[in-house]
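Keep in mind the model is a prediction, meaning the values are calculated, not measured. Below, chain A is the first sequence line, B the second, and so on; all start at residue 1.
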Amino acid sequence: MKKRTIHCNAIRIDHIDQVVTLNGWVHSRRDLGGVLFIDLRDREGRTQTVFDPSDVSSELFDQAASLHSESVVSVTGKVRRRPEGTDNTKIPTGEVEIMVQSMEVLNAADVLPFPVDDPETASKVNEELRLKYRYLDLRRPEMMRHLRLRSKVATATRVFMEEEGFLEVETPTLFKSTPEGAREFLVPSRLHPSQAYALPQSPQQFKQILMVSGVEKYFQLARCYRDEDLRADRQPEFTQVDIEMSFIDREDIYALIEGLMGRVWEAALGQTIPKSFRRITFDQAMNTYGIDKPDTRFGLEIHDFSEAFKESSFKVFSGTIQKGGVIKALNAKGLADVTQGQMEGLTQLAISQGAKGLAFIKVEGGEWKSPIVKFFSEQEKQTLQSTLEIEDGDLILFAADSWLPACEVLGRIRLRCAELLQQRGRLTIDPLRFDFLWVTDFPLLSFDKEMNRWYSSHHPFTAPVEEDVDLLASDPRSVRGQHYDLVVNGVELGGGSIRIHQPSVQRTIFEQVLQIPEDVIQARFGYMLDAFRYGCPPHGGIALGFDRLIAILCQTPSIRDVIAFPKTAKGTCLMTESPGSVDARQLRDLHIQWRQQPKSEG
RNA sequence: GGGGGCGUAGCUCAAUUGGUUAGAGCGCUGCCCUGUCACGGCAGAGGUUGCGGGUUCGAGCCCCGUCGCUCCCGCCA
């Protein structure tokens with residue numbers, strides 16, 4: 001094989017009269033009978049090659065004429081200026097072409113199952129096919145761009161972390177099951193019958209142990225595994241930028257990540273982002289946006305009207321308030337022309353979130369059209385009018401419930417309304433706008449009504465805010481955690497916390513608050529409590545969803561588009577057909593027997 | 001576990017809402033074509049309408065089941 005002397009995208013008029021060799025794929029072929037053009041593509045770009053029957057043998061000409069797209073060839077020829085008027089301004093090499101002298105077919109491709117040369121049609125191809133023939137899908141320039149950008153960001157991250165004094169440390173993939181949190185993938189042990197490893201949901205415990213070890217600054221691009229149902233932004237195996245530091249507080253984490261994001265955006269998009277990010281408390285986020293990961297690129301903010309409707313003759317509202325609930329509303333500006341079907345969709349959305357319905361006011365022709373407005377006093381209407389700045393064409397939507405569900409319902413409604421407004425062209429969002437946000441002061445604990453117990457909102461190693469520690473016993477609900485989330489454009493990009501480093505506080509959380517039995521604590525976390533006794537520095541960290549980060553930078557809604565070999569929504573790989581069956585012998589070695597007979601395979 | 005969408009030629013989509021022989025563009029095959037770059041022209045092949053049942057004189061279309069892809073809820077400390 002003749003090796004390439006230059007890449008397809010590098011040839012310019014400077015190379016005229018040079019003899020070059022190109023290695024690559026047949027991108028497209030144009031056979032004009034007397035003259036034949038083949039665009040040759042490699043990872044970097046493409047170049048037009050010319051087969052002229054007066055220059056090449058008829059054998060070579062016929063061979064070239066019969067090549068299918070995506071065949072792999074090595075072509076040697078002389079670079080020359082294209083004849084006047086035949087430049088192709090669409091490609092960087094459009095001023096030159098290669099007069100082919102010789103060609104070697106390295107692999108004659110069959111007819112493809114779907115086109116890879118035309119970005120228009122290729123991007124519309126059924127994802128099922130794209131996943132089955134992933135190697136072809138990845139050949140598309142758009143997908144190659146994603147892979148490159150991912151690699152670039154990974155490198156930028158490593159360089160930045162290195163500069164900041166972090167050590168990249170690998171942690172085990174074969175871990176121990178800790179049945180808190182996400183469902184785990186299990187790996188049965190051959191050497192230890194009836195025992196299993198678990199794949200880590202994250203390196204959480206190891207990175208804290210590394211702090212006890214004195215590493216002080218740790219990071220890792222860590223693979224994590226969670227056996228939960230998939231989504232567009234969730235895969236069973238995914239990558240986190242995992243970070244932990246000692247002798248720091250929350251401000252140090254904010255500053256570090258703001259720096260890292262600045263470096264990443266610069267490397268990936270050449271864009272400068274703010275030096276520091278806006279901060280918002282969990283309560284503010286819920287009150288204003290109805291969600292703990294607000295998209296602040298548009299308004300449609302939620303307002304509280306509990307005070308205004310406290311004495312209302314509309315019993316649904318006043319009654320809710322008397323029971324300790326709240327009245328919330330948002331103005332979907334300019335959405336009064338919502339169709340009946342869309343309004344029904346909004347109502348269903350509210351009901352699916354536990355609301356009993358969705359009260360609304362359509363403001364059209366100077367009139368408030370609504371089944372409930374007749375119950376409102378002038379005073380109440382006036383308050384709505386001034387707070388929500390109601391104008392003709394607006395749609396007002398209400399929630400009446402206890403605080404959290406009321407916020408959450410309108411949070412969902414808000415996002416849906418934004419979609420509807422975008423469809424109507426009344427809301428446009430700059431695709432290169434990125435709203436970074438720290439969400440802080442999360443409640444440390446949440447109460448599980450069914451199980452009648454408290455559980456950690458984040459994880460049990462999260463430290464309480466110092467001035468709230470005394471409330472742990474008396475008023476667990478109001479204890480804030482030293483937890484923070486990084487949110488970009490309504491996407492939760494990462495989260496972390498300052499950890500508990502005193503064994504006594506950790507014991508209080510496990511025993512008194514979470515009420516985990518002593519023997520269970522020992523079995524699951526004994527080694528951590530031990531470690532904390534032997535010189536544990538104060539520490540904290542964060543983990544960023546690397547796949548989500550890349551998806552945001554590539555402006556694609558699904559992380560499958562930025563993972564080379566992703567799984568389907570049912571967790572299968574269509575290319576390798578995994579998961580698959582295993583030999584009886586393998587099962588015997590692992591001391592395992594299926595409870596259900598496997599379906600016979602074709 | 002639950003709800004929604006999709007499944008027709010290799011690919012992307014039609015099929016007048018249950019009615020003759022399931023069509024188009026691209027791709028593919030053959031022939032023609034010396035400056036194309038979405039090359040062009042002529043001709044042709046290509047279908048178990050995902051699969052299995054049912055209703056009907058008649059099903060791509062309606063019903064039931066099933067498989068696959070996808071979005072969402074639950075779930076994801």
Mind checking whether A/Thr556 and A/Val562 have side chains closer than 4.5 Å, heavy atoms only?
yes
Reference residue A/His459; test side chain to side chain donor-acceptor pair (under 3.5 Å); the match among A/His483, A/Arg499, A/Gln201:
A/Arg499
OP1 or OP2 of B/C37 under 4.0 Å from side-chain N/O of A/Ser28
no
Check: B/G74 base within 3.5 Å donor-acceptor of A/Arg234 side chain:
no
Per the atom types in the model, does the base of B/G4 pair as donor or acceptor with the side chain of A/Gln348 at under 3.5 Å?
no
If you assign A/Arg46 and A/Ser558 each to the RNA chain B nucleotide with the nearest heavy atom, which residue ends up on the more 5' nucleotide?
A/Arg46
I need the CG-C1' distance between A/Asp233 and B/C76, as an integer number of Å.
10 Å
Is any side-chain heavy atom of A/Phe51 closer than 4.5 Å to one of A/Met103?
yes
For B/C69 and A/Lys132 - does any side-chain N or O of the residue sit under 4.0 Å from the phosphate oxygens OP1/OP2?
no
With no hydrogens and no angle check, do the side chains of A/Gln342 and A/Thr339 hold a donor and an acceptor under 3.5 Å apart?
yes
Between the base of B/G7 and the side chain of A/Asn126, is there a donor-acceptor distance below 3.5 Å?
no
Any side-chain heavy-atom pair from A/Asp39 and A/Arg30 closer than 4.5 angstrom?
yes
A/Arg130 (side chain) and B/C11 (base): donor-acceptor pair under 3.5 Å:
no
A/Ser578 side chain to A/Gly580 backbone, donor-acceptor under 3.5 Å
no
Which residue, A/Phe461 or A/Arg412, contacts RNA chain B at a nucleotide closer to its 5' end, judged by nearest heavy atom?
A/Arg412
Spacing between A/Arg231 atom CZ and B/C69 atom C1', to the nearest angstrom
16 Å
Given that both distances must come in under 3.5 Å, which nucleotide forms a Watson-Crick or G-U wobble pair with B/G40?
B/C32
Ring pair (Phe, Tyr, Trp, His ring centres under 6.0 Å) filter on A/Phe175, not counting sequence neighbours, yields A/Phe206
Strand contacts (RNA chain B) in residues 483-494 of chain A, 4.0 angstrom heavy-atom criterion:
none
Report the distance from atom CZ of A/Arg416 to atom P of B/C73, rounded to the nearest whole Å.
13 Å
Expressed as a whole number of angstroms, how long is the span from A/Glu128:CD to B/C69:C1'?
4 Å
Less than 5.5 Å between centroids and less than 30° between ring planes, does A/Phe37 satisfy that with B/U36?
yes
Taking only the side-chain nitrogens and oxygens of A/Arg560, find out if one of them lies under 4.0 Å from OP1 or OP2 of B/C71.
yes
Please list, for nucleotides 26-30 of chain B, all pairs of protein and nucleotide N/O atoms separated by less than 3.5 Å.
{"from": "B/U29", "atom 1": "OP1", "to": "A/His68", "atom 2": "NE2", "distance (Å)": "2.8"}

If we ignore hydrogens and angles and just use 3.5 Å, is the side chain of A/Gln482 paired with the main-chain N or O of A/Pro464 as donor and acceptor?
yes
Given the 90°-from-0 boundary between syn and anti, B/U56 should be labelled anti
